[in-house]
Each structure stands twice: as structure tokens, then as C-alpha cells.
Amino acid sequence: MDIDVESLLARMADEITALLRKRNISDPLMIGIHTGGVWLAERLHRLLNIREPLGTLDISFYRDDFTRIGMHPQVTPSHLPFDLDNRHVMLVDDVLYTGRTLRAALNEIFDYGRPASVMLAVLVDRGARELPIEAAVTGQRMELNSNEHIKLHGPDPLRLSIRKRD
Amino acid sequence: MRQGNIQVDPQGRLRHFLTIEGLTPSILTEILDTAESFAATSEQAVKKLPLLRGKTIVNLFFEPSTRTRTTFELAAKRLSADVLNINVSASSTTKGESLLDTLRNLEAMYCDMFVVRHAESGAAHFIAQHVAPHVSVINAGDGSHAHPTQAILDMFTVRRHKGDFGKLCVAIVGDILHSRVARSQIHALTTLGVPEVRVIAPHTLLPAQIETLGVHVYHDLREGLRDVDVIMMLRLQRERMQGALLPSEREYFHLYGLTEEKLAYARPDVIIMHPGPINRGVEMDSAVADGPRSVILQQVSHGIAVRMAIMTLAMRVRPLAAEAGEAMTARKTK
């Protein structure tokens, strides 16, 4: 698949800068969602020169389908090395699809504190939302069939692939 | 083997957790891996997770135990379950209500899991055979038969310190005869591939034909500790001191009590474990129990993570086979 992830990221960084300026936010926190979101957030964190350390979130324990599918052992622990209360958070993920991952991420974030706001930046928005969640910054929108699966490979280089599900 | 099979569903996943026997190395490893994730969560400021939200877990204790009950309760609460603590000896069974009636009543209150401790061996199996299909049972110690969650938390502690089970020499010291912990430890160690498991005890505190479990027997503590990587001490019930099994506490400590001097026979990086509570000056010196090689307090912390893992894995065994394929697809959603 021929998508230049790094140039998408550079554009996303510009859009995030503009968004933060528009909202008058000077000192945001950035949190990446495991695994692809963390790879992207590491890049954006550097590009935007964010002062606070990068936070990482593993939402496995917050999934709403746990009782149906169980969970994957060896969950990477979440790491939020800052106080979230009254801070503006930029949440980063690779693919926005049904919105359920973001629902879980928001639940987990609110277990740590009450941020002033949470904005979402995603590399790919493939539509077909099941929950009312939207990204503030999107790298690329894609129309995919329900039997297609998009995945970010990384961390270096970052590469997107689309596969058909069996 | 028949007893072991009740523990897993047709897909080979954990359903009840009653004994280590009959469980595969992959199930034990899955529990250890899951516990590792929960251990990291327990170290965070916010320790509560929503995994068992809406579930009701009953600590059904027919035998008193503050420590084990507390860690099960804490594990369940950290998973957001509702917890009922029922001390059965002081409750309805003394009014003539049968065990099965008690179970039926608890099931009618929509309970999802029973954590059972009982003085009779096999009690947890009996309950697991009679509960409703949606209920899971965890054995928190039955008679002198098994204490599988203690054994797994011991394995977790060993793995954290030593990494690879495949190169270890482990000694279990003390009252093997009456110890449900020792029996479960031996099965867990051999299942996970520990090449040399030793038991060190006087003749009177060893079951007949213990060698058939794949262990090496020693009666001399110094000889048995030579070059071991892990020492698992067992609790000695003080009441047995007065019986015919042992002459006195003092003599037991002289022969089998762990001291710095005897510890010198083990490997320099040996770790010392004990299921607690310790009889100081009987099973081991305070200097050893509180020394740098003791991991006894870590075992207590690990007990919560391991019990969270076992509860979570046992409770997830709800889906029907037809649902499983759909569920795997759902896992990929974003």
C-alpha cells in the first residue's frame, strides 16, 4: 500500500499545532494508545516539542467485549507519568473505526483523573462508527469494506497494510 | 485425570481452578503472564479495573483464614466485582441447612463465582460438580489436598526472580505430609519443567511414596540445600509438635530450621519463600526471614495479582463455541 506515513504525520503535527493555538492551549499532554498509537505519538511528541513526557495507554482491561473474547495475556501496562487533572490531553491512535477502543481509552483516562479536555488525533479514519466519537485531527480518511482490516506496522519504518479478513 | 478435566472447557480454557493436576503448562503460563499484567496495574496509583464489573463473587470459607480471604477479596474488588464473605461454619449449615442448599440459595442470588476453602479434601471439586453452568469455582485450600492459587503465586515469584524454570533446582522444606501447599507446589514445578525438585523433611512428615511425584527426598537439610536456587519453607502446625510426629520445636529447629549457617549450602543468589504466617525460631531464624534473600512479603503482593488473573481467566469462559469466531473478529475492531 502506497501511503507515506511520515508525511501524513508531518501534516498532522501542523494541524495539531494550529488546533492548539486556536484553542489557546500552550502546554498539552500527549498519550498514545498501544501499540500503533504509541509509535505515532512518539513521532508527534518529538515533532511538537511537547514538554511533558509521553503517556502510553493499554486499554485491554477496559474493553467492552472482555466477557466474550477474554483478554490477551501480557498486557503492556499503561504509563501516565503526570497529573491529568485540569490538563488538556491529545490522545493518539492509529486507526479510528467503531470508536470502542476510544471509549475504553476515555474510561481509563478518567480513572486517572479529570482532564480539562481530551482531543483525538488518528492516522486513519475508516468510518463505520458504532459510538459517537470523532477525531479532531485525521491523517487520512479511507472507505474500507467491513471484511477489510487495516494495520499499522512499525515502529521503524511505519507502514500501513490492508488485508481481507477470512 | 477426571478431576482435572472439570477445570477446563471443551476449548481447553480455564473454567474452574481446583488443583494444578490436569492443567497444561500453557494454562499455567497464561495465568502467570496475565498476573504479570495485573502486577503492573497494582503498582499504579489507580489499582481498580472494570473487568468483573457487575459480577458477584462469594468467598465461601468453611475454615477460617484471614490472609487468604483478604487477598481474594482484594483481588475481586480490584476487578470491580461485588464480594460476599460467608463464614459458613458460623452460618446456615449449623442450622442444619445442607451444603447443596446453601449453594442453591447463593446461586439464586445471581452469584457468579465461589472461592471455597474447606477442611475436607475434595470439597472444592464437589462444589464445582454441583454448581450451575455459569458459576466458576476456585479452590482456596481443601484439607491436605491442594492450595493451587498459593502454588501459582509461588511460581510467579520464582519466575520474577529466576526467569527460566528449565534450569532450576528447588527445595521444599518441612511438613510435606500435611501440606496442601507442598502438593500443589510440586505439581506446579514439575508441570512448568523444573528439572530438580527436592523435598527435605523428617521421615514422619513425608507421605509414603512421595518419589512417585518426581521429587528427590532428603532427610538432611544441609545436604538437601546444596546448590539449590529456591527454598520453599512450609508452615509447621504447632499442635503437631506435641504429637508423636515430632519430639519438640527445639529439635525440629535444630535439624530443619533455616539459619544463615545452613543457607550457605545453597547458591549465593538463592531466594527463600514461605506461605506464611512464619513460626519464627521454628521453621526459620528471624535473620533469614527478614534477610536480603527472603521474598516472603513479595509473595503476599504477588498473591493479589495471581488471584486477579485466575478469577479473570475463569470468568471469561462464557462464550459458546459459535460465539467464539465472531468474538475473534470483534477483537480486531478499533
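Every chain is numbered from 1 and lettered A, B, ... according to where its sequence line falls, protein lines coming before strand lines. Note that the coordinates shown come from a computational prediction; the quantities given were computed from them, not determined experimentally.
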Between B:Asp112 (side chain) and B:Thr56 (backbone), is there a donor-acceptor pair under 3.5 Å?
yes
For residues B:Gln298 and B:His161, is any side-chain donor paired with an opposing acceptor at under 3.5 Å?
yes
State whether a side-chain donor-acceptor pair under 3.5 Å links A:Arg129 with A:Thr98.
no
Are B:Thr19 and B:His187 close enough that a side-chain donor and a side-chain acceptor fall under 3.5 Å?
no
Tell me yes or no: between the side chains of B:Asn85 and B:Glu73, is some donor less than 3.5 Å from an acceptor?
yes
Is any residue of residues 109-118 of chain A within less than 4.5 Å of chain B by heavy atoms, and which ones?
A:Asp111, A:Tyr112
Verify whether one side chain among B:Gln299 and B:Asp154 offers a donor that lies under 3.5 Å from an acceptor in the other.
yes
I'd like to know which of B:Ala40, B:Ala39, B:Pro50, B:Ala35 tops the heavy-atom pair count under 4.5 Å against chain A.
B:Pro50
How about B:His302 and B:Thr157: does a side-chain donor come under 3.5 Å of a side-chain acceptor?
yes
Examine whether an atom of A:Ser78 lies under 4.5 Å from a heavy atom of chain B, and if so say whether it belongs to the side chain, the backbone or both; otherwise answer neither.
both
